[in-house]
Each structure stands twice: as C-alpha cells, then as structure tokens.
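Comments concern the structure below.
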Amino acid sequence: MHGKPFLEYLLVMLRAQGFERVLLLLGYLPEVVQDYFGDGSRWGIKIAYSITPVEDETGRRIKRAEHLLDECFFLLYCDNYWPMQMDKMWQRFLETKAPAMLTIYSNKDGYTKDTLRMDAERFVDVYDKTRQAPGLKGVEISYGIFKKEVVALLPPENISFEETLYPVLSKQKKLAGFVTDHRYYSVGSHQRLALTEAFLARRLLLILDRDGVLNRKPSRANYVRSWNEFEWLPGSKEALVLLRNAGFRVIVMSNQAGVARGAMTEPDLLNIHRRMVRETFLAGGNIEAIYYCPHNWDEGCECRKPKPGMLFQAQRDFNLDLSRTLFIGDDERDAQAADAAGCLSLLVSEQKTLLEVVRELINKQKNINE
Ligand SMILES: [Mg+2]
C-alpha cells in the first residue's frame, strides 16, 4: 500500500496508541516478514515472533504462543486497519469486567456480512460465522482485548480461535463488544483493495461547520433562510482559497433545523448551498460536499450534531480516517460530534477566525512536508 507493507501501517498505529511490544504469529513465508521488520526498533517497538506450521489455524497458533502472552493481551488479525482509540476501548473493557472484548463494526450501511448479534448491554449474545442465526447485526474486526485465561479454554486440536472460542464466551455473557460506525479497511479480499488504497492515501481533507465558521451565525433559533441572509465572515472565503491552493479538500457539515421547523424549505437550503459553492469556486476555492441535518431538535435523528452521524457518512463517502481528520466548528456541539466520531476538532471564534486557523494549519503542513 503506497510502497509500504500493510502490516507497517498497523504497527505504526499500535506504537502511536502506546503499545511497546508486539508478538507476530507467523506461518507462511515467515522470513519475508522477519527480514523486513526485524526486531522492530526502526518503528520504536519490540517485535517478537512465534513461528508455527503453515497449516495451523488461529486457535492452535495462539495456543502454541500461550507462554509468550501477557495476562492481558490485544489481538489483531492483521488484515484489517481500523483507526483504533485505545483509551476508549480500555475504559469500556474495564467497565464490562468481561474477560474478552471485541471491536464490532455496526454495519448499518451493509458494508459487509453480519456475523453476530448483541444484547442491550452490547455484549455479543450470538456469534455465527455461518451467518444462519436470525437477527444478526454487526461484524467483529478483532481489535480485541483478552485476558489470558480464555486461551486455556481452547482445545489442543487445530481449530479456529474465533469459531471455537467466541460462541462459548458469548453463551456465558463473557464477550463484550466495542461498537464502532467507523469503517475498517481490509486486505482480506481483492474487492476491498481499491478502497483500502484510497483510505491509506490519507489525502488532506478538512471538515468545516457552516454557520459561525464560514458565514455569520444567526441568533439562536433563527436561520439563514435565503441567499440574501447569507453573510460571509471576514476572511472565510480567503481561507477556502488558501486551503485549495495547499491541496486540502473541503467538506461542510451543518445543522439546519430551520427546514424541519418550517423557516425554510429544503430547496431554499439547497439554493443557498449552490450559491455558496459557486461564490467559493469563483473566488478560487472549492467545497466538495455539503452535509446537512434538516431535522428538528427532538426528532432523534443520528445526524444532528452533537451526534456524529454526518461525520460517519462522510467517512464512508470519502474513505476518511477520522482519527486523522480535523473538524473546525464554532460550537461545543461540533466538538462533541467530533469526539464521538474519534475526529480531531478545533473551534473558531471572533478572536480566532477560520483564516488564522487555516494559516497555522497550512504552515504546520509545510513543516511536516519539509
Ligand atoms: Mg456553527
């Protein structure tokens, strides 16, 4: 992927998340992996290896490495990249008091095939890799935390770790889930490679709130109802031009409850956005997409900030790594939505405008590149 082994992306992420030691369980052509990664010092991480016969399934491979495992260990299958957040996962793991926790992609968008079901407390209550059981929703992507005691439950035969252990643990309510709406990217199938490549390209992209960031914010419970009422904030158009010149793609994300509340129609809103995009373009900037939530405060939708729904939608549409994406807003709800999506955030104000923030950002980017 972009000149680097997929595994390297995983190791770099693990290091950034605070891991200091990694044990690689290898079977097929182990020397290829060992030659490249060595002891891991190049990445600031200590790599150990457990090499067992190529025909070993995951269960036996882990069983044979049992003496090398810590009392609590983190398990990756290594064909999935998912921008993990160890602090949140660890907190959930401690709260559940379970001996095992898996990361579960919610699969609301039907990205993949469902293999499990969760109960109200987000414990896995059915795990079925044959996908026969009714009511399945979600798929586990590893990124699991395990107490070593569960390895003792594995028989010595050559069996699959997940297919043997997860049904047993789930029946005993010992398999907690850490649920995510952020897509994972896989090298496990050829169809997925193009998406994974796009994701790991990590193109520069910025997400902006609209009211209070690009244009003057109307007072509370008032809305910009037409283009006449849209007033660019000083410097905001210039900021969009700078961003474009620096190679950033820009998308906008905005709550517009005025639609549901009858202050304007959806075509009114779309008209404002058309004009906004056009003026940006004529000035030399570019807004690539606009996401808006037209719902009222009490509709319980998933898109109205502080809910993170629009961020996850953009994540899927643009194959974003939200953990590396910055959302610039002007309101606490923007920051909350960003946090819920594992996204970076920054708030602008009259004291610190979008233009200033963008200038700093571009300078920082220059320094990284130089
Ligand atoms: Mg705002």
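Indexing begins at 1, ligand by ligand and atom by atom, following the structure's order.
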Using the salt bridge (Lys or Arg N to Asp or Glu O under 4.0 Å) rule, collect all pairs that involve residues 200-221, keeping only residues at least two apart or in two chains.
Asp209-Lys305, Arg216-Glu231, Lys217-Asp330, Lys217-Asp331
Near the Mg ion (ligand 1) (cut-off under 2.8 Å), count of protein N, O or S atoms:
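Counting protein N, O and S atoms closer than 2.8 Å to the Mg ion (ligand 1) gives 3.
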Between Tyr143, Phe199, Tyr111, which is the residue that forms a ring pair (Phe, Tyr, Trp, His ring centres under 6.0 Å) with Tyr184?
Tyr111
By side-chain contact (heavy atoms from CB on, under 4.5 Å) - contacts of Gln91 (at least two apart):
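Here the qualifying residues are Glu95.
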Pair Tyr36-Glu31, side-chain donor/acceptor within less than 3.5 Å
no
Please find out if less than 6.0 Å separates the ring center of Trp82 from that of Tyr105.
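Judged by ring-centre distance (under 6.0 Å), Trp82 and Tyr105 do not meet the cut-off.
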For Arg225, give me all partners under side-chain hydrogen bond (donor to acceptor under 3.5 Å, both in side chains), at least two apart in sequence or on another chain.
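Expected list: Glu229.
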